[in-house]
Amino acid sequence: PICDEAESEEEAARQLGSPDSIAEKILADYAPPPAAMPAPSPAPEAPAKPRHSAWYYIGIVTLCVLASPMLIGLGAAALGIVLAMLAVLLAVLIAATALRIGLAATNTGYETDINCFTAWGQIAANVGPANFYSEGFCDYPPGYLYVLGLQGLIGNLLNLTPGSAAYLVLLKLPAIASDAAICYLLYRMGCRAGKPSWALLAAAAWAMMPAALLDSAMWGQIDSVLALLILLVLDAFLQNNTKRAALLYGIAVMVKPQALMLGTIMLCGYALEVIENPKKGLKDLGIGIALCVAAMAVIALPFVIKQP
């Protein structure tokens with residue numbers, strides 16, 4: 001009996017298995033089922049575009065058609081104002097230039113300078129720039145001598161008599177043309193600043209200024225030529241073009257040395273740039289000095305190449 005009982009216990013233990021297997025069965029029976037993975041949510045649908053009826057587009061076209069005359073009228077009015085101001089400027093320039101030519105032909109001018117300009121022009125036309133300074137006295141730098149030489153050639157070609165009305169107009173013409181260019185430049189600078197009315201007033205003021213009429217048309221001086229060059233220098237600085245300003249200033253100095261008295265314009269222009277951006281400003285200053293000296297050298301070279 002004892003053997004039978006032991007055999008029955010072994011048979012029962014064999015059926016149940018090892019303790020580890022019993023624990024695994026219990027955990028498998030009582031463990032919660034694995035959680036199901038959530039299904040991916042569908043992508044959001046793009047909002048449907050609004051659908052307009054044909055009347056919507058007909059209405060837009062109708063509004064454009066109705067508004068077009070008003071827009072055209074406004075554009076024409078603005079264009080008309082601009083054209084009217086340009087017409088006034090052109091009329092002022094024509095009147096001022098005609099007045100100057102009349103004054104130039106009827107006034108002998110400052111005799112000493114007129115005689116010097118006539119003689120220097122003839123010398124430059126006859127002997128050329130290389131031998132010019134060896135032919136006599138001249139206290140002008142080479143810049144304006146190119147203009148005087150061209151005037152001498154034109155006078156010889158047209159067989160004009162020095163001192164005649166036609167020759168006086170020829171000598172004074174560069175200053176008269178410079179006055180007209182100053183008027184236009186003042187107008188352009190004023191329009192760029194957004195003040196077209198003031199620009200037109202400034203141009204008209206210079207055109208009819210008694211001092212400008214007396215200096216260029218009557219006395220025959222070339223201060224208007226220098227004024228134009230200095231104004232171009234200022235305009236170049238206002239447009240942040242320091243290289244052009246340096247070149248123009250070099251030309252101005254070679255036309256009349258009095259430009260050196262206006263060197264503060266160059267000083268202030270480059271000083272402001274150095275203060276704003278020291279590295280770029282110093283670089284532009286060096287380039288400007290080089291360009292200014294180069295312009296002066298190119299202008300002077302034909303006149304000094306044979307000088308001792």
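Remember, it's a predicted structure, so these values are computed and weren't measured experimentally.
In terms of modelled atom types and a separation under 3.5 Å, the side chain of Glu135 and the main chain of Val127 share no donor-acceptor contact. Judged purely by atom type and a 3.5 angstrom limit, Lys256 has no side-chain atom pairing as donor or acceptor with the backbone of Asp223.
One side chain, Asp235 or Gln239, offers a donor N or O that lies under 3.5 Å from an acceptor on the other.
Here the CG atom belonging to Leu168 is positioned 12.0 Å from the CG atom belonging to Leu173, to the nearest 0.5 angstrom. Residue Leu150 holds its CG atom at 12.5 Å from CG of Leu145, rounded to the nearest 0.5 Å. A distance of 7.0 Å separates OH in Tyr146 from CD1 in Ile299, rounded to the nearest 0.5 Å.
Contact annotation: the side chain of Ile287 never approaches that of Thr242 to less than 4.5 Å [non-hydrogen atoms, C-beta and beyond]. Gln221 places none of its side-chain heavy atoms less than 4.5 Å from the side chain of Ser216. For the pair Leu260/Tyr249, a side-chain contact is recorded, criterion being any heavy-atom separation below 4.5 Å from C-beta on. Side-chain contact check for Gln151 versus Pro174: some heavy-atom pair is nearer than 4.5 Å. Two residues are said to be in side-chain contact when any heavy atoms from C-beta on lie closer than 4.5 Å; Tyr187 and Leu86 meet this criterion. Here the side chains of Pro257 and Pro141 are in contact, with some heavy-atom distance below 4.5 Å.
Aromatic ring orientation, Trp120 versus Phe137: tilted (interplanar angle from 30° to 60°). Note: Tyr270 and Phe237 have perpendicular aromatic rings, judged against thresholds of 30 and 60 degrees for the angle between ring planes.
By the rule that hydrophobic residues join a cluster once side-chain heavy atoms approach within less than 4.5 Å of another member, Val298 and Val255 end up as members of separate clusters. Residues Leu226 and Ile176 do not share a hydrophobic cluster, clusters being chains of Ile/Leu/Val/Met/Phe/Trp/Tyr side chains in contact below 4.5 Å. Note on Ile251 and Ile289: same hydrophobic cluster, where clusters join Ile, Leu, Val, Met, Phe, Trp and Tyr whose side-chain heavy atoms are under 4.5 Å apart, directly or indirectly. Linking ILVMFWY side-chain heavy atoms closer than 4.5 Å, directly or via other members, places Ile222 and Leu170 in a single hydrophobic cluster. Cluster annotation: Leu267 and Leu285 are assigned to distinct hydrophobic clusters (Ile/Leu/Val/Met/Phe/Trp/Tyr, side-chain heavy-atom contacts under 4.5 Å, transitive).
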Run the side chain to side chain contact (heavy atoms under 4.5 Å, CB included) test on Leu103 and Lys172 for me, step by step, so that the C-alpha distance in whole Å, both residues' side-chain angles and the decisive distance to 0.1 Å come before the verdict.
CA-CA 10 Å; Leu103 292 173; Lys172 299 175 182 179; over 6 Å; no
Decide ring pair (Phe, Tyr, Trp, His ring centres under 6.0 Å) for Phe117 and Tyr110; before the verdict, give the C-alpha distance in whole Å, the side-chain angles of both, and the deciding distance to 0.1 Å.
CA-CA 11 Å; Phe117 290 162; Tyr110 185 60; 9.8 Å; no
Could you walk me through whether Leu247 and Arg244 pass the side chain to side chain contact (heavy atoms under 4.5 Å, CB included) test, one step at a time?
CA-CA 5 Å; Leu247 283 171; Arg244 188 175 70 193; 5.7 Å; no
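Each side-chain hydrogen bond (donor to acceptor under 3.5 Å, both in side chains) pair with one or both residues in residues 283-298, not counting sequence neighbours, appears once here: Lys280-Asp284. Evaluation of the side-chain hydrogen bond (donor to acceptor under 3.5 Å, both in side chains) test over residues 81-107, restricted to residues two or more places apart or in two chains, returns Arg100-Asp179.
The environment of OH in Tyr184 is sparse: at most 12 heavy-atom neighbours from other residues, nucleotides or ligands sit within 6.0 Å.
Across all non-hydrogen atoms, the minimal contact from Leu160 to Ala166 is CD2-CB, 4.0 Å. Between Ile114 and Gly220, the closest heavy-atom pair is CD1-CA, 4.2 Å. Across Tyr167 and Gly152, no two heavy atoms sit closer than the pair OH-CA, 4.3 Å. Closest approach of Leu213 and Met208 over heavy atoms only: CD1-O, 4.1 Å.
Residues forming a salt bridge (charged side-chain N to carboxylate O under 4.0 Å, His left out) with Asp113 (at least two apart in sequence, or on another chain): none. For Tyr144, there are no ring pair (Phe, Tyr, Trp, His ring centres under 6.0 Å) partners at least two apart in sequence or on another chain.
Trp198 forms part of a hydrophobic cluster together with Leu201, judged by ILVMFWY side-chain heavy-atom separations under 4.5 Å. Membership of an apolar cluster is not assigned to Leu301, as no side-chain contact below 4.5 Å to another ILVMFWY residue is traced.
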